[in-house]
Amino acid sequence: MALTTQRVDVPVIVDESKCLEKCVACIEVCPLDVLVKNPDTGKAYMKYDECWFCLPCEKECPTNAITVQIPFLLR
Amino acid sequence: MNTQYLKTDFLVVGGGTAGTMAAIKAKQASPESDVLILEKANIRRSGAIAMGMDGVNTAVIPGNSTPEQYAREITIANDGILNQKAVYETGRLGFEVIQELESWGVKFQKDHEGNYDLKQVHRVGKYVLPMPEGKDLKKILSRQVKRHKVNVTNRVMATRVMVQDGRVTGAVGLDVRSGDFVVIQANAVVLCTGACGRLGLPASGYLYGTYENPTNAGDGYSMAYHAGAELTNIECFQINPLIKDYNGPACAYVASPFGAYTANAEGHRFINCDYWSGQMMLEVWKELNSGKGPVHLKMYHLDDDTISEIESILWDNERPSRGRFHQERGENYRTHGVEMNISEIGLCSGHSASGVWVNEKAETTVSGLYAAGDMASVPHNYMIGAFVYGRIAGQNAMEHIQSLDHVEPDAEFLAAEQARIYQPLQQPEGVPHTQMEYKLRRLVNDYLQPPKSPNKMDIGLMKFVAYEQTLEKMGAKDPHELMRCMEVHFIRDCAEMAARASLYRKESRWGLYHYRLDYPEKNNEEWFCHVNIKKNKAGQMELFKRPVEPYVVNVDLEEEVYDVAVR
């Protein structure tokens with residue numbers, strides 16, 4: 001079956017200049033488990049577009065690197 | 001992929017409100033026993049109260065109300081169909097739960113004299129107790145879980161309960177990160193997996209923009225069904241009045257004690273009680289479909305300080321993204337009403353009555369299998385009910401397992417379940433779970449969204465049954481996607497049950513929740529009963545009537561009809 005990749009406006013925005021390489025706080029608290037580390041940079045990013053915009057990631061980030069927007073479809 | 005084998009005395013599936021309490025109470029009852037919480041997310045921020053709660057809705061506090069008054073109120077609101085003894089327990093034990101939560105550091109609102117500051121939202125009694133500082137509830141519960149030496153396994157999703165020779169022997173699941181197959185032997189299991197929140201599709205079209213935490217995909221409804229347990233009142237859907245496009249309530253529970261109210265576009269009241277019920281939802285639906293919609297939560301007549309106080313509660317707690325939703329749209333409670341709409345449908349006994357059948361001991365109809373929280377049918381049970389039933393399940397399970405030994409898992413069952421779970425990984429180019437789920441839930445909206453039409457539901461049922469084969473085309477590229485694939489199976493099971501139960505009950509009841517166009521009236525003569533579902537020996541979905549248990553509190557339902565319309 002043919003699959004395609006689609007560009008998606010994701011709710012969770014990570015400021016890479018603030019994201020700590022050894023920290024996994026946001027990844028551990030996400031109920032939907034949508035955040036992972038980019039293995040090349042060690043920075044967190046939203047890999048799966050399955051966000052409940054519930055904010056634990058933003059609240060638990062020790063460096064305030066995360067901003068959660070309301071998903072575009074609801075905004 | 002490896003297989004992990006675990007063994008525990010008591011397995012708690014789901015570490016939310018009910019699950020954390022079940023585990024804590026089990027350890028208090030039997031500190032030497034091994035208790036394990038299995039959680040698909042992380043218990044620190046999981047379940048319906050992941051980001052806290054701004055109040056409790058079913059607080060029976062001595063001096064303010066009695067369990068008898070509470071049981072009466074819910075009996076009338078749920079049109080008489082309930083195991084009243086079970087609802088009574090929520091009233092009887094809720095105060096002890098509140099006291100214990102307070103001893104753990106949870107704060108409830110009190111007045112200047114130090115009394116609980118209860119608010120009236122229900123039709124008659126005062127049962128709503130605000131918790132303006134409730135945002136860290138889940139962190140407090142997690143701390144107690146640790147303190148009570150409960151074992152916790154995060155990021156493992158249960159997929160099936162193991163039943164051998166008529167008793168529960170454990171559960172199996174999937175590690176959603178490593179992809180490991182996990183087998184857990186246990187002498188008792190409590191399912192606390194929350195609502196089926198991903199049944200209908202929100203009007204926004206965003207799969208995860210649901211009212212319920214979208215991790216709660218009906219896992220427990222499906223697992224209980226396949227374990228042979230009875231489910232009940234499934235046709236009594238959960239439908240909520242929410243902010244249009246947003247997934248949270250407007251929210252009259254918080255704002256109405258300050259003087260806010262639900263109004264139509266002309267600014268007039270059309271309901272005289274903001275407590276969520278099917279009858280209230282029917283009035284909202286009628287108003288939206290009259291020339292007087294849309295409806296809104298009206299606050300703009302209140303003074304600035306009052307509105308600021310409402311904002312500080314609503315924007316900081318339970319749904320903390322609510323503030324930025326309004327701000328991005330340039331909306332202000334001071335100048336405009338909060339436009340409301342009807343949510344997608346779901347299954348949830350925390351708000352309505354749809355759930356796994358349980359008695360007042362939290363027992364399902366399968367020996368050693370318990371259920372608590374949103375997925376267990378104790379009508380209108382909300383958060384206090386989840387705590388109460390978690391507590392009851394934990395205590396009773398520890399008594400139940402005293403003379404039981406672990407049973408070796410059935411190798412044939414394990415092989416079959418392993419094959420079922422990992423099938424999508426064999427075809428990574430198969431249909432993605434997102435498209436599979438979108439289409440399934442769009443069909444739920446098309447055919448099951450009330451008002452319910454028999455012919456449409458017949459078509460829906462046919463499609464949900466056929467969808468079982470369609471799901472075989474689903475592909476997954478990693479363990480995370482595999483988790484979502486398994487959730488689509490849970491959703492499909494729930495959709496089929498919702499269609500069958502709605503077709504079976506040939507009357508209307510619970511306002512909009514079960515409003516049938518072909519039988520628009522309530523018919524107590526034929527349908528004053530539960531509609532229960534179970535998997536029969538042939539593996540088919542069987543429906544039957546189950547009589548309503550004798551009441552412990554007398555209610556004359558001919559006299560006391562729940563009606564909230566302003567006429």
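First the proteins, then the strands, lettered A, B, ... as listed; each starts at 1. Only a predicted model underlies this, so the values are computations on that prediction, with no experimental measurement involved.
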For the backbone of Pro31(A) and the side chain of Thr215(B), can you confirm whether one donor and one acceptor N or O come within less than 3.5 Å of each other?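 No; zero donor-acceptor contacts below 3.5 Å.
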
Mark yes or no for whether Asn42(B), through its side chain, and Glu28(A), through its backbone, hold a donor-acceptor pair below 3.5 Å.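 The answer is yes, because a donor-acceptor pair under 3.5 Å joins these two groups.
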
As a test of understanding, state which of Lys40(B), Arg155(B), Arg45(B) forms a salt bridge (charged side-chain N to carboxylate O under 4.0 Å, His left out) with Asp33(A). Arg155(B)

Side chain, backbone, both or neither: which part of [X] has a non-hydrogen atom closer than 4.5 Å to chain B?
X        : answer
Pro56(A) : both
Val36(A) : neither
Phe72(A) : neither

To check you understand the geometry: which heavy-atom pair defines the closest contact between Pro320(B) and Cys54(A), and what is its length? CG-O, 3.8 Å

Taking all heavy atoms of Tyr206(B) and all of Pro71(A), pick out the closest pair and write down the distance.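 In terms of heavy atoms, the two residues are closest at CE2-CG, 3.7 Å.
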
Top of Ser46(B), Ala41(B), Pro214(B), Gly475(B) for chain A proximity - count of heavy-atom pairs under 4.5 angstrom: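 The residue among Ser46(B), Ala41(B), Pro214(B), Gly475(B) with the greatest pair count is Pro214(B).
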
Any side-chain heavy-atom pair from Glu50(A) and His433(B) closer than 4.5 angstrom?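 Yes, at least one pair of side-chain atoms sits under 4.5 Å.
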
Is the closest side-chain heavy-atom distance between Arg329(B) and Ile70(A) below 4.5 Å?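 No; the side chains remain at least 4.5 Å from each other.
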
Can you tell me how far apart [atom1] ([X]) and [atom2] ([Y]) are? Round to the nearest 0.5 Å.
X         : Y         : atom1 : atom2 : result
Ser204(B) : Arg75(A)  : OG    : CZ    : 12.5 Å
Asn247(B) : Trp52(A)  : CG    : CH2   : 6.5 Å
Leu32(A)  : Asn213(B) : CG    : CG    : 6.5 Å
Glu58(A)  : Arg324(B) : CD    : CZ    : 4.0 Å
Leu55(A)  : Met51(B)  : CG    : CE    : 5.5 Å

Part of [X] lying under 4.5 Å from any heavy atom of chain A:
X         : result
Glu212(B) : backbone
Asn216(B) : neither
Lys135(B) : neither

With a 4.0 Å cut-off on N to O distance, would you call Lys47(A) and Glu481(B) a salt bridge? no

What is the ring orientation for Tyr48(A) with His480(B), classed by angle as parallel under 30°, tilted 30 to 60°, or perpendicular over 60°? parallel

Verdict with reasoning, Glu60(A) to Arg44(B), per salt bridge (Lys or Arg N to Asp or Glu O under 4.0 Å): CA-CA 11 Å; Glu60(A) 308 254 349; Arg44(B) 196 174 153 82; 2.8 Å; yes

Can you confirm whether Lys139(B) is buried at NZ, in the sense that more than 12 heavy atoms of other residues, nucleotides or ligands lie under 6.0 Å from that atom?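 Atom NZ in Lys139(B) is crowded, with more than 12 foreign heavy atoms closer than 6.0 Å.
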
Do other residues, nucleotides or ligands put more than 12 heavy atoms under 6.0 Å from Lys439(B) NZ? no

Do Asp49(A) and Tyr208(B) get their side chains close enough for a donor-acceptor pair, meaning under 3.5 Å?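 No.
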
For Ile27(A) and Arg177(B), run side-chain contact (heavy atoms from CB on, under 4.5 Å): C-alpha distance rounded to whole Å, both residues' side-chain angles, the deciding distance at 0.1 Å, then the answer. CA-CA 12 Å; Ile27(A) 292 170; Arg177(B) 289 191 174 163; 3.6 Å; yes

